[in-house]
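Quick note: residue numbers are just sequence positions, from 1. The structure presented is a predicted model; accordingly, all values stated were derived computationally and were not measured.
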Amino acid sequence: RTMRDQNTNLSKMSKWNHDLSSLTNLHRPSDDPIRVARTLRLESDINMSLEYKENIQAAKSWLEKTETTMNEITSVYQRIRELAVQGANGILKQEDTQKVAEEIKELKNHLIQVGNDTYMGRQIFTGFKTDKKLLNENGSYNTPAIDLSATGLPSELIEYKVGDSQTLSVNITGERIFGAEVDTNADGNPDMPKLFADIDKLLAALDAGDNEAASSSLEDMDNQLKTLLQVRGEVGAKVNMIDIMSERITDVGINLKELLSKTKDTDVAETQIQLITAEAVYKASLSVTARIIQPTLVDFLR
């Protein structure tokens with residue numbers, strides 16, 4: 001009975017010592033099944049919040065790249081529109097009009113290059129086919145590599161999971177920026193995005209010195225500019241929203257960690273008191289046992 005009591009006291013002291021050294025009072029499910037289950041759930045939620053945070057950062061990087069590209073496209077197109085106004089006012093000499101047309105051609109080529117912009121080696125405007133460029137050198141869509149049908153590029157939205165039941169699409173498909181294909185050859189086959197078709201129409205009018213035709217193209221360009229501004233505003237709104245999501249997921253992670261700490265972590269002050277008490281009890285039991293079991297076999301043999 002004495003040895004059993006000794007081991008009991010030693011086990012209690014060992015338990016408090018283990019709690020203090022490991023900084024947790026849950027070592028096995030039998031310690032407290034309810035709190036162990038809660039701990040596992042909280043740890044799972046914390047890991048998921050870390051995954052969501054990584055997804056949010058990746059989504060933000062993609063959207064910021066898209067926003068930068070959209071800003072550039074809009075600025076270049078606004079410059080083309082300004083040049084269109086200059087070329088269509090009828091007061092420029094033919095040689096000056098040709099200079100305007102040359103600048104517009106250069107800006108058109110720049111738009112084609114920006115339309116094939118990439119993020120980490122992935123095309124940002126081609127939906128799921130991020131290994132295919134969107135535009136050919138003349139500004140036409142890269143078909144059939146890029147499917148422009150209703151079930152193709154327009155529906156290919158890259159989504160990131162940023163919450164338990166929340167996803168966020170991060171890409172803008174190219175046809176929203178450059179428009180649907182139109183027939184520029186009058187052969188019944190659409191062959192050029194509307195944005196570039198309008199620019200080509202403007203260039204043809206400037207080359208021909210047709211100020212009236214150049215002026216009539218301004219309305220189409222204004223409508224296209226409104227579309228660009230709308231898309232740019234949509235991307236900007238997503239960037240702002242994802243900043244809010246990032247702050248929220250950070251706060252959620254902090255709250256979960258605090259709750260996990262309260263559930264499984266050792267109360268150091270209380271455990272130290274319990275350890276000192278258990279140590280005193282164990283030493284007292286050793287002292288008592290030493291007095292009780294003083295006689296040995298040698299004492300009986302004398």
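At least one side-chain heavy atom of Leu134 sits less than 4.5 Å from a side-chain heavy atom of Tyr141. Proximity of Gln98 to Gln94: side-chain heavy atoms (C-beta onward) are separated by under 4.5 Å at one or more points. Considering only heavy atoms from C-beta on, Lys201 comes within 4.5 Å of Asp220 through its side chain. With a 4.5 Å cut-off on side-chain heavy atoms, Asn9 and Leu286 do not count as touching. Residues Lys15 and Gln274 have side chains not in contact (no heavy-atom distance under 4.5 Å, counting atoms from C-beta outward). Between Thr130 and Thr118, the closest side-chain pair of non-hydrogen atoms is not below 4.5 Å. When side chains are defined from C-beta on, Glu175 does not count as touching Pro193, because their heavy atoms never get closer than 4.5 Å. By the 4.5 Å heavy-atom criterion applied to side chains, Phe128 and Ile158 are counted as neighbours.
Here the closest non-hydrogen pair linking Arg28 and Val36 is O-CG2, 3.8 Å. Across all their heavy atoms, Ala214 and Ala205 have their closest contact at N-CB, 3.6 Å. A pairwise comparison of heavy atoms in Ala197 and Met192 identifies N-CG, 3.8 Å as the closest pair. Pairing each heavy atom of Ser217 with each of Leu202, the nearest pair is OG-CD1, 3.6 Å. In plain terms, the two heavy atoms of His27 and Ser22 that are nearest each other are CE1-OG, 3.1 Å. Smallest separation of non-hydrogen atoms from Glu181 and Pro190: CB-CB, 3.6 Å.
A salt bridge does not link Arg1 with Asp5: every distance from a Lys NZ or Arg NE/NH1/NH2 to an Asp or Glu carboxylate oxygen is 4.0 Å or more. One finds no salt bridge joining Glu103 and Lys108 here, because no Lys/Arg side-chain nitrogen approaches an Asp/Glu carboxylate oxygen to under 4.0 Å. For Glu82 and Arg79, the salt-bridge test passes: some basic side-chain N is under 4.0 Å from an acidic carboxylate O. Taking the charged nitrogens against the carboxylate oxygens, Arg122 and Asp131 have no contact shorter than 4.0 Å, which rules out a salt bridge. Look at Glu43 and Lys264 and you find a salt bridge, because one of the NZ, NE, NH1 or NH2 atoms lies within 4.0 Å of a carboxylate O, short of that distance. Asp198 and Lys194 are joined by a salt bridge, as a carboxylate oxygen and a charged side-chain nitrogen come within less than 4.0 angstrom of each other. Using a cut-off of 4.0 Å between Lys/Arg side-chain N and Asp/Glu carboxylate O, Lys262 and Glu258 are scored as not salt-bridged.
A donor-acceptor contact shorter than 3.5 Å links the side chain of Asp183 to the backbone of Asn185. Put simply, the side chain of Asn55 never gets that close to the backbone of Val162: no donor and acceptor are under 3.5 Å apart. Here the side chain of Thr266 pairs a donor or acceptor atom with the backbone of Asp19 at under 3.5 angstrom. Formation of a donor-acceptor pair under 3.5 Å by the Ser285 side chain with backbone atoms of Tyr282 is found in this model. Checked by atom type and distance alone, the side chain of Ser287 never pairs as donor or acceptor with a backbone atom of Ala284 at under 3.5 Å. Side-chain atoms of Thr66 come within 3.5 Å of backbone atoms of Trp62 as a donor-acceptor pair (strictly under, hydrogens ignored). Of the possible polar contacts, one joining the Asp147 side chain to the Ser149 backbone as a donor-acceptor pair under 3.5 Å is found. Between the side chain of Ser261 and the backbone N or O of Lys257, no donor-acceptor pair lies under 3.5 Å. Asn142 contributes no side-chain N or O that, together with a main-chain N or O of Ala145, makes up a donor-acceptor pair within less than 3.5 Å. With Ser246 contributing its side chain and Ile242 its backbone, the two residues share no donor-acceptor pair below 3.5 Å.
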| task | Tell me, with the steps shown, if Glu102 and Lys99 meet salt bridge (Lys or Arg N to Asp or Glu O under 4.0 Å). | result | CA-CA 5 Å; Glu102 287 299 321; Lys99 292 178 181 178; over 6 Å; no
| message | Run His110 and Glu72 through side-chain contact (heavy atoms from CB on, under 4.5 Å) and show every step you take. | response | CA-CA 10 Å; His110 184 66; Glu72 187 172 356; 2.6 Å; yes
| said: Would Lys60 and Val170 count as a side-chain contact (heavy atoms from CB on, under 4.5 Å) here? Give the steps. | reply: CA-CA 8 Å; Lys60 183 179 181 180; Val170 297; over 6 Å; no
| request: Take Ile124 and Asn171 through the test side-chain contact (heavy atoms from CB on, under 4.5 Å) and record every step on the way to the result. | output: CA-CA 6 Å; Ile124 62 176; Asn171 66 318; over 6 Å; no
| request: May I have the step-by-step check of side-chain contact (heavy atoms from CB on, under 4.5 Å) for Asp32 and Leu26, ending in yes or no? | output: CA-CA 7 Å; Asp32 190 328; Leu26 296 178; 3.9 Å; yes
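Residues Ile56 and Leu157 do not share a hydrophobic cluster, defined by chaining ILVMFWY side chains whose heavy atoms lie under 4.5 Å apart. In the hydrophobic clustering of ILVMFWY residues, with side-chain heavy atoms under 4.5 Å counting as a link, Met221 and Val231 come out together. Connection of Val76 to Ile172 is established within a shared hydrophobic cluster, with ILVMFWY side chains joined at heavy-atom distances below 4.5 Å, either directly or through further cluster members. Cluster annotation: Leu259 and Tyr52 are assigned to distinct hydrophobic clusters (Ile/Leu/Val/Met/Phe/Trp/Tyr, side-chain heavy-atom contacts under 4.5 Å, transitive). Criterion: ILVMFWY side-chain heavy atoms under 4.5 Å apart, direct or through other members. Under it, Ile177 and Tyr119 are part of a common hydrophobic cluster.
Rounding to the nearest 0.5 angstrom, the gap separating the OG1 atom in Thr97 from the CG atom in Leu206 is 6.5 Å. In this structure, the separation between CZ on Arg232 and OG1 on Thr227 is 13.0 Å, given to the nearest 0.5 Å. Summarising the geometry, atom CE belonging to Met70 is positioned 12.5 Å from atom CG belonging to Leu63; distances are rounded to the nearest 0.5 Å. How far OG1 of Thr69 is from CD of Glu64: 11.5 Å, rounded to the nearest 0.5 Å. Here the straight-line distance linking atom CG of Leu23 with atom CG of Asp267 works out to 11.5 Å at 0.5 Å rounding. Distance check, rounded to the nearest 0.5 Å: CD of Gln272 to CH2 of Trp16 gives 12.5 Å.
Residue Lys53 qualifies as open at atom NZ: its count of foreign heavy atoms under 6.0 Å is 12 or below. More than 12 heavy atoms of other shown residues, nucleotides or ligands fall within 6.0 angstrom of atom NZ in Lys129. Counting non-hydrogen atoms of other residues, nucleotides and ligands closer than 6.0 Å to CZ of Arg41 gives a total of 12 or fewer. Residue Gln166 qualifies as enclosed at atom CD: its count of foreign heavy atoms under 6.0 Å is above 12. Atom CD of Gln230 has 12 or fewer neighbouring heavy atoms from other residues, nucleotides or ligands inside a 6.0 Å radius.
Ring planes of Phe125 and Phe178: perpendicular class, angle over 60° (limits at 30 and 60°).
In the model, Lys238 has a side-chain atom that pairs as donor or acceptor with a side-chain atom of Ser169 under 3.5 Å. Side-chain contact check for Ser140 and Asp191: no donor-acceptor pair (N or O, by modelled atom type) lies under 3.5 Å. With 3.5 Å as the limit, one finds no donor-acceptor pair spanning the side chains of His18 and Asn25. No side-chain donor from either of Asn89 and Asn211 sits under 3.5 Å from a side-chain acceptor of the other.
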